[in-house]
Each structure stands twice: as C-alpha cells, then as structure tokens.
Amino acid sequence: MVTMEIVQQIKQLQKEKNASILAHYYARPEVQDIADYIGDSLELSRKAGETKADIIVFCGVHFMAETAAVISPTKKVLIPVEGAGCSLAESITSEQLTQWKEVNPQGIIVCYVNTSADVKACSDICCTSANALQIVESLPADKKILFVPDNNLGAWVQMKTGREIELWPGNCCVHERITAEMVIARSEEYPDADILIHPECKCSSDLQVANMPNVFIYSTSGILKHATESPKKQFVIGTEIEALYQIGKKNPSKEIIPIAKTMICGQMKKIHLEDVLEALEKEQYEVTIPAAIRAKAWSPIRKMLEMI
Ligand code: 13P
Ligand code: SF4
C-alpha cells in the first residue's frame, strides 16, 4: 500500500472509532504528521487526560502509553508495537523503591515520568523534564529527597534548586552521550548559535556548560519554544534527532543543527505508519493497568498535574 492510502485509511478508521493519535516529538516524522497531538511527555500526559476520544493510540514508548492509561482509565489505550522500551524506565523497580522507603520513611520519592506504572505506584510525586524544577522547589525543605531514575536530570535539578538530592544511577542511553566536550566544540563551530540542551543530557549539570551564555536547558517543548520565539537565526539542538523535525517545520527560515546526527532513540522509531493502521484495525496492543496499581500510580501523577 502506498503511504497516501495508509494515511487515508488511518484517518477513516480514526473517525469511525473516535480515536485520537498522540505522538511524541521523537516519533518518526511521518507518524508525527498523522497525529492529532504532538508533544513532550508533559503535554501528552495532559492531552491524554483531556481528550474526548474513546481510543488513544499512543505513538511513543511503553511507559508513555501506560501513563496515558493511568490518567485516562475509561479510554482504550493502544500502543501500535509491543516492546518499545526505555533505558530509564528499565533502570528501576518498585521493589527497590519499597526498600528505600523502609530505610527512609519520611523521605520523598520524586519520580520522573519515564518509569513504569509499578514504580510510579511506589512514588510520592511525579515530574517531567518540563516541570522537575518547580516540583522539587515545592517540596518541604527539611525532607530528604530521592530522585529516580535519571541521574543527569536529577543532578541538573540539584544544581538549579540548591536542594540536596539522592540520585538514582539511571540514564537515557541517547542523552547520556551528549557531553560537555560536544557542546563546547559545537559552540566554537557555531559562535552565533544558541545551543539548546535537554536536561537528560550528561552535560546538563556541567559547570562549564552552565556558565556558557549561549547554552539553554529545556524539555523538548521548551527547546521548540525557544527556537521559535528567539530572534536568532541559528540553533544547535542537543536532544533526540527527531525533535528537529517540528523545530524545522515551525521555523523554515532558521538553521537548525543537530548536536550530533547519531542521537537516535531506536525505541521511539519502532512505530511505522503501517503499525498505526493495524493498531486501529485490530485495536491492538491494548495497555491495561491492574486497578490497584492504577489507583496508586495515579496519585503522584495527579499531584504533578495539579501543581504545574
Ligand atoms: P520530554 O518529553 O519530557 O522532553 O523527555 C524526553 C524524553 O526522553 C522522553 O522519553
Ligand atoms: Fe527513554 Fe531516552 Fe528513548 Fe526517551 S530518548 S524513550 S528517555 S531511551
């Protein structure tokens, strides 16, 4: 089938079944093009809660579809391919958090949204890269904080808020490869460019990088906003390569340069247009969360959504 036919069939089925397609900025461009909403983790969580659709087709990785299922328990949430994982979500288990809580009963567990529903169910409050600073700043000053599972995001939050935070040794296998040396080299190569870096990057809490006046650290939607609103004409983007697709579309007159073309999340690329069509046809693969876990996982997500 040619792409146009696939797209037409997707649109048709979407209408018939009252389905909404949500895609992360790191999804394949052709998948982003057929989505009703494109966003970062926070924006997509909000959309999952607001949509009036009966079916949500989530084009991202598994933890994102799980989060949508927790937020919207009355909807059927589908992920078009099974087994799209995330190195961060896989770096921590609920048993490990239960053990930490036993040793630190008064401690607060701040859980990055890139985690399983089981892990969220053992956490006190969730955050995404778009609101991690505000969430941590809102916590009582006398409480011990454990930030899981992204060590780089946690270290950046620690640097920006001045709060002492216990960090979990997890990382994103893509952003972990974006180093201070790369940022410095790109800055020398493009002295007129703003360099926009995701806080999951290894370099996000590097002091030399933090002191560079042309470097800004944001979630994916923040990077897009900065590139769109800034009068500058050149931007180096330090995040997953596909984020450049929407930045380029919204800013055709600006030069958008990847920090490295190799920053690709293979898990985010598993979903092709054909998979979206098949997902709608067969209503597969449904993501369900046991009621007891869902109720517990909803609490830290709800606290986050109410706060920011
Ligand atoms: P955001 O969507 O919060 O920018 O996070 C990036 C990411 O790596 C998602 O998996
Ligand atoms: Fe996980 Fe990193 Fe891929 Fe995001 S980019 S899904 S954090 S591995």
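Both counts, for ligands and for their atoms, begin at 1 and track the order of listing.
By the rule that hydrophobic residues join a cluster once side-chain heavy atoms approach within less than 4.5 Å of another member, Ile217 and Phe147 end up as members of one cluster.
Between Lys47 and Glu50 there is a salt bridge, since a side-chain N of the basic residue sits under 4.0 Å from a carboxylate O of the acidic one. Under a 4.0 Å N-O distance rule, the pair Lys76/Glu283 qualifies as a salt bridge. Residues Lys202 and Glu181 are not paired through a salt bridge, judged by the lack of any N-O separation under 4.0 Å between the basic side chain and the carboxylate. Salt-bridge annotation for Lys225 and Asp40: absent, with no side-chain N of the basic residue lying under 4.0 Å from a carboxylate O of the acidic one. Glu66 and Lys120 are not joined by a salt bridge, as no carboxylate oxygen comes within less than 4.0 angstrom of a charged side-chain nitrogen.
Taking only nitrogen or oxygen atoms, main chain and side chain alike, His198 reaches within less than 3.5 Å of ligand 1. Inclusion of Glu200 in the set of residues having an N or O under 3.5 Å from an N or O of ligand 1 is warranted. Taking only nitrogen or oxygen atoms, main chain and side chain alike, Thr220 reaches within less than 3.5 Å of ligand 1. For ligand 1, one of its N or O atoms has an N or O atom of His24 under 3.5 Å away.
Which parts of ligand 1 touch Asp40 is read off a 4.0 Å heavy-atom cut-off, strictly below it: atoms 1 (P), 2 (O), 4 (O). Short contacts between ligand 1 and Ser41, defined as distances under 4.0 Å to a heavy atom of the residue, involve ligand atoms 1 (P), 2 (O), 3 (O), 5 (O), 9 (C). Within ligand 2, counting atoms from 1 as listed, the ones closer than 4.0 Å to a heavy atom of Leu88 are 7 (S).
Distance from atom 2 (Fe) of ligand 2 to its nearest protein heavy atom, with residue and atom name: Cys172 SG, 2.3 Å. Among all protein heavy atoms, the one lying closest to atom 7 (S) of ligand 2 is Asn114 ND2, 3.1 Å. Closest to atom 3 (Fe) of ligand 2 among all protein heavy atoms lies Cys265 SG, 2.4 Å. The protein non-hydrogen atom at the shortest distance from atom 3 (O) of ligand 1 is Ser129 OG, 2.7 Å. From the protein, the heavy atom lying nearest to atom 10 (O) of ligand 1 is Asn114 ND2, 3.2 Å.
Side-chain contact check for Gln246 and Gln32: at least one donor-acceptor pair (N or O, by modelled atom type) lies under 3.5 Å. A donor-acceptor contact closer than 3.5 angstrom links the side chains of His226 and Asp194.
Listed for the Ser138 side chain is a donor-acceptor partner under 3.5 Å among the backbone atoms of Ile135.
Atom NZ of Lys160 has 12 or fewer heavy atoms from other residues, nucleotides or ligands within 6.0 Å.
Counting heavy atoms under 4.0 Å from ligand 2, residue Glu200 touches it through the side chain alone. For Tyr218, no heavy-atom contact with ligand 1 is shorter than 4.0 Å.
Under 2.8 Å from atom 1 (Fe) of ligand 2 lies an N/O/S atom of Cys86, whether from backbone or side chain.
For Tyr26, the heavy-atom gap to ligand 1 drops under 4.0 angstrom. Remark: distances from the non-hydrogen atoms of Met64 to ligand 1 include one below 4.0 Å.
Remark: of the listed residues Lys296, Lys144, Lys101, Arg302, Lys101 is the sole one forming a salt bridge (Lys or Arg N to Asp or Glu O under 4.0 Å) with Asp124.
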